[in-house]
2 protein chains.
Amino acid sequence: MSRGHPEHSAARRRHHAVIFAALGDETRLALVTALATGEAQSISRLTAGTRLTRQAVTKHLRVLQGAGLVRGARHGRESLFELDPQPMKEMQEYLGRVSQQWDEVLLRLKAHVES
Amino acid sequence: MSRGHPEHSAARRRHHAVIFAALGDETRLALVTALATGEAQSISRLTAGTRLTRQAVTKHLRVLQGAGLVRGARHGRESLFELDPQPMKEMQEYLGRVSQQWDEVLLRLKAHVES
DNA sequence: TCATATTGCAACCTCCAGGTTGCATGATAA
DNA sequence: TTATCATGCAACCTGGAGGTTGCAATATGA
């Protein structure tokens with residue numbers, strides 16, 4: 001199964017899986033959307049948009065933070081979270097590579113058939 | 001929290017979450033990679049690359065199928081699975097929109113500061 | 001026809017993600 | 001100083017994800 005640098009690709013795959021998994025939840029996607037406005041927001045403010053508890057939102061933010069999608073820092077008595085678009089761009093490239101590979105395969109196949 | 005067409009965006013978000021969640025697993029990413037070579041492959045063949053049971057792989061394939069990332073069809077006694085790159089391209093665009101929105105916000109912010 | 005290969009179905013197990021509640025703690029406005 | 005606001009921590013609960021095993025059914029090659 002495509003072993004060029006087994007440990008390398010395994011670690012990369014694991015990393016990608018973590019980020020995808022972090023994005024693979026409705027609530028967390030909503031949080032990302034809320035933070036995409038640019039403004040860093042506090043936990044209670046982010047909770048206001050949901051029907052969940054503050055603790056639930058906090059856990060989701062921790063997951064996003066663990067995946068590097070979000071950075072958090074305390075300011076006074078509230079802790080503000082802001083988006084970090086880097087991982088999303090990374091995954092965008094990843095998806096691009098895979099689907100592009102697929103397209104190239106189709107082209108080769110077509111060329112082979114027509115020859 | 002960004003309510004333009006509440007039901008619409010909620011349904012879209014749910015859809016996106018399902019696809020991201022399907023990609024958010026190391027084993028399933030490996031399967032996607034294996035299928036990205038273009039060749040449709042049988043369950044037992046896909047299992048050969050793993051340390052898992054055939055049943056486990058089957059379940060993962062069902063998940064991928066449920067997200068539309070993969071299509072399966074029986075051929076004789078074996079059922080072959082092939083990739084469908086469409087959802088991946090969809091998610092690629094999604095990620096592009098979000099990070100682009102972020103970049104635009106930063107530009108506006110910068111312009112505002114310098115004015 | 002018969003042994004074998006490939007799959008499907010179903011029951012079962014374990015663990016953790018997602019969620020809640022209750023209480024303690026630090027920052028703030030009045 | 002004090003009441004209040006925002007958060008952190010910890011215990012707890014529940015359902016489903018991920019995995020295995022066993023058995024039945026269908027295709028296929030010899």
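Lettering follows sequence order; numbering is per chain, from 1.
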For the student: nearest non-hydrogen atoms of [X] and [Y], plus distance:
{"X": "A/Thr50", "Y": "A/Leu46", "value": "OG1-O, 3.4 Å"}
{"X": "A/Arg54", "Y": "A/Thr47", "value": "CA-OG1, 3.7 Å"}
{"X": "A/Ala40", "Y": "A/Leu80", "value": "CB-CB, 4.2 Å"}
{"X": "B/Leu69", "Y": "B/Pro87", "value": "CD2-CB, 3.8 Å"}
{"X": "A/Val105", "Y": "B/Gly38", "value": "CG1-CA, 3.6 Å"}

remark   = Contact span of DNA chain D against chain A, any nucleotide atom under 4.0 Å from a heavy atom, 5' to 3', runs D/dC5 to D/dC9
message = Under a 4.0 Å threshold between the charged nitrogen and the carboxylate oxygen, would A/Arg13 count as salt-bridged to B/Glu26?
response = no
key: 5′-ward residue of the pair A/Arg54/B/Ser42 relative to DNA chain C   = B/Ser42
request  = Could you pick out which residue, A/Thr27 or B/Phe81, lies toward the 5' side of DNA chain C when each is mapped onto its nearest nucleotide?
outcome  = B/Phe81
query = Just how far is it from atom CD of B/Gln92 to atom CD of A/Gln100, taken to the nearest 0.5 Å?
reply = 9.0 Å
Let me know the distance between [atom1] of [X] and [atom2] of [N], rounded to the nearest Å.
{"X": "A/Lys59", "N": "C/dA17", "atom1": "NZ", "atom2": "P", "answer": "9 Å"}
{"X": "B/Leu46", "N": "C/dT6", "atom1": "CG", "atom2": "P", "answer": "13 Å"}
{"X": "A/Glu26", "N": "C/dG18", "atom1": "CD", "atom2": "P", "answer": "12 Å"}
{"X": "A/Asp25", "N": "C/dC16", "atom1": "CG", "atom2": "C1'", "answer": "14 Å"}
{"X": "B/Gln65", "N": "C/dT7", "atom1": "CD", "atom2": "P", "answer": "14 Å"}
{"X": "A/Gln55", "N": "C/dC23", "atom1": "CD", "atom2": "P", "answer": "14 Å"}

inquiry  = With a 4.0 Å limit, can you tell me whether B/Ser44 has a side-chain N or O closer than that to the phosphate oxygens OP1/OP2 of C/dT7?
reply    = yes
ask   = Can you find a pair of side-chain heavy atoms, one from B/Arg12 and one from B/Tyr94, that are under 4.5 Å apart?
value = no
Do any N or O atoms of the protein come closer than 3.5 Å to N or O atoms of nucleotides 27-30 of chain C, and which pairs are they?
residue : atom : partner : partner atom : Å
C/dA27  : O3'  : A/Arg77 : N            : 3.4
C/dT28  : O4'  : A/Arg77 : NH1          : 3.2

task = Just call it for A/Ser79: base, sugar-phosphate, or nothing, with non-hydrogen atoms closer than 4.0 Å on any strand.
result = sugar-phosphate
message = On the side chain of A/Arg28, is there an atom forming a donor-acceptor pair with the base of C/dG18 - under 3.5 Å, no angle test?
response = no
message = Give me each pair satisfying salt bridge (Lys or Arg N to Asp or Glu O under 4.0 Å) with a member in residues 88-102 of chain A, each pair once, sequence neighbours excluded.
response = A/Lys89-B/Asp103
